[in-house]
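Below you'll find the structure, written out as structure tokens, and then a few comments.
Lettering of chains follows the sequences in order, A, B, ..., and the numbering in each one begins at 1. Heavy-atom basis, side chains included; hydrogens, waters and symmetry copies ignored.
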Protein chains: 2
Amino acid sequence: MPGNDPVCTAPAGGPLPTAARGGPVSHALARVARMHRIAMGRRLRDLGLYPGQELMMMRLWDCGAVRQSELIQSLGLDPSTVTKMLQRMEQCGYVQRRPDPVDRRAVLVETTEKGQALRLGVEGAWSDLETATLAGLGEADRAELARLLGVLAENLAEEAGDEGACPPPPGAAC
Amino acid sequence: MPGNDPVCTAPAGGPLPTAARGGPVSHALARVARMHRIAMGRRLRDLGLYPGQELMMMRLWDCGAVRQSELIQSLGLDPSTVTKMLQRMEQCGYVQRRPDPVDRRAVLVETTEKGQALRLGVEGAWSDLETATLAGLGEADRAELARLLGVLAENLAEEAGDEGACPPPPGAAC
DNA sequence: CCCAATTAGTTGGCCGACCACATATTTGAT
DNA sequence: ATCAAATATGTGGTCGGCCAACTAATTGGG
């Protein structure tokens with residue numbers, strides 16, 4: 001019966017708990033993603049944003065005034081997450097919300113000037129992190145990595161009710 | 001005033017906000033990681049765990065009684081995160097905490113029987129998700145992906161105070 | 001021997017993110 | 001026209017995760 005050797009099963013103090021035996025790639029993926037998020041968080045903090053908010057801003061920069069439901073769908077987030085995030089961002093003066101005149105349920109969201117002012121900083125941070133992340137990889141490796149991540153995304157999308165990307169909505173307002 | 005083209009700036013309904021132009025790989029990485037975490041979350045919920053707790057349990061399964069500071073370092077988490085997570089897990093009966101007799105500051109943590117009972121389920125979920133994630137990839141592709149993720153991990157590690165993996169502590173209790 | 005510096009853990013606060021549930025509005029089928 | 005279903009949003013609660021500030025115990029000089 002496997003399970004507990006008195007001598008540690010892991011090779012030698014490596015970062016591989018039992019987990020790694022059943023899913024080394026999953027483990028590495030989670031680790032890398034976490035470090036990536038932290039690194040992005042550092043850059044964003046200097047700009048006055050919290051991780052996650054930069055994606056929201058990018059969507060708003062691209063689309064102008066958008067319905068909240070549009071944001072929910074395009075970011076693939078929970079409605080309540082978006083509501084609360086926007087409430088905070090509004091209080092910080094980055095976005096502005098007003099009722100949609102043609103659908104009294106909906107709320108239209110757009111950036112303020114203060115929000116627009118973040119754009120260069122965020123795009124810089126984003127590409128800066130990309131550079132740092134991919135250091136030492138040639139074009140071929142980068143393309144391969146992108147391809148492989150694409151495969152994982154497809155696999156995981158069909159696994160759980162996806163959203164957040166694939167469906168190119170025909171008459172999208174954006 | 002820039003910001004709102006009537007025609008969307010993005011190619012064609014694709015999931016690429018402005019972000020993707022400055023960091024396509026970063027974007028894909030974040031997306032994949034998020035879906036992966038959600039997929040893992042689903043599996044864990046059926047077992048009675050929340051995402052993140054499974055890593056804690058794996059460490060405890062591997063190491064027996066451990067100091068809390070050991071967990072903090074090996075998981076690369078904030079001390080307060082670990083404290084609160086362990087408090088909840090203790091209340092759920094998965095782990096047990098007691099003061100370290102040789103260092104009255106420290107706390108020793110170990111799994112309970114109820115915690116041990118989760119092991120098979122967690123390992124199954126973990127490898128099940130690994131399989132689903134890597135569907136359609138051959139051995140070569142998987143190895144390549146692991147290699148590339150390893151490079152990213154190194155890049156991101158030196159970028160921000162790392163922890164969580166690399167240093168093989170000589171006299172590790174584990 | 002004693003007091004400063006380090007280390008271990010805790011608490012409170014905040015944010016992203018989820019779920020379950022509640023509310024208003026719009027749409028659709030009868 | 002009416003009333004049920006679908007849609008759009010908000011509330012409350014819980015968790016993982018971070019930071020900042022705090023307490024308690026151990027270690028190291030002087």
Subject >> Rounded interatomic separation in angstrom, taking CG from A:Leu86 and C1' from C:dA17 >> reply: 14 Å

**OP:** Looking only at side-chain atoms of A:Gln68, point me to the closest of C:dC15, D:dC15, D:dG10.
**Re:** D:dG10

Original post:
What is the minimum heavy-atom distance between A:Leu137 and A:Arg142, and which atoms define it?
Top reply: O-NE, 2.9 Å

**OP:** May I ask whether A:Leu108 and A:Leu77 are part of the same hydrophobic cluster, defined by side-chain heavy atoms of I, L, V, M, F, W, Y residues being less than 4.5 angstrom apart, directly or through others?
**Re:** no

Original post:
OP1 or OP2 of D:dG16 sitting under 4.0 Å from any side-chain N/O of B:Gln53?
Top reply: yes

Original post:
When the distance from CD1 of A:Ile72 to P of C:dC19 is rounded to whole Å, what number comes out?
Top reply: 13 Å

Subject >> CA sep, side-chain torsions, deciding dist, call: B:Thr111, B:Gln96, side-chain hydrogen bond (donor to acceptor under 3.5 Å, both in side chains) >> reply: CA-CA 6 Å; B:Thr111 66; B:Gln96 183 192 342; over 6 Å; no

Original post:
Contact class for A:Asp100 vs. all strands (heavy atom < 4.0 Å): base, sugar-phosphate, or nothing?
Top reply: nothing

**OP:** Could you work out which one of C:dC15, C:dC19, D:dC18 sits closest to the side chain of A:Ser80?
**Re:** C:dC19

Original post:
Is A:Arg67 near enough to D:dA8 that one of its side-chain N or O atoms lies under 4.0 angstrom from OP1 or OP2?
Top reply: yes

Subject >> B:Gln116 CD: over 12 foreign heavy atoms closer than 6.0 Å >> reply: yes

**OP:** Kindly say if A:Arg97 contacts the phosphate of D:dG10, meaning a side-chain N or O under 4.0 Å from OP1 or OP2.
**Re:** yes

Subject >> Nearest-nucleotide 5' precedence on DNA chain C, A:Tyr50 against A:Arg104 >> reply: A:Tyr50

Subject >> Touch class at under 4.0 angstrom, heavy-atom based, for B:Thr81 against every strand present >> reply: base

**OP:** Please determine, for the side chain of A:Gln87, which listed nucleotide (D:dT11, C:dT26, C:dT10) has the closest atom?
**Re:** D:dT11

Original post:
Can you check whether B:Arg88 has a side-chain N or O nearer than 4.0 Å to OP1 or OP2 of D:dC15?
Top reply: yes

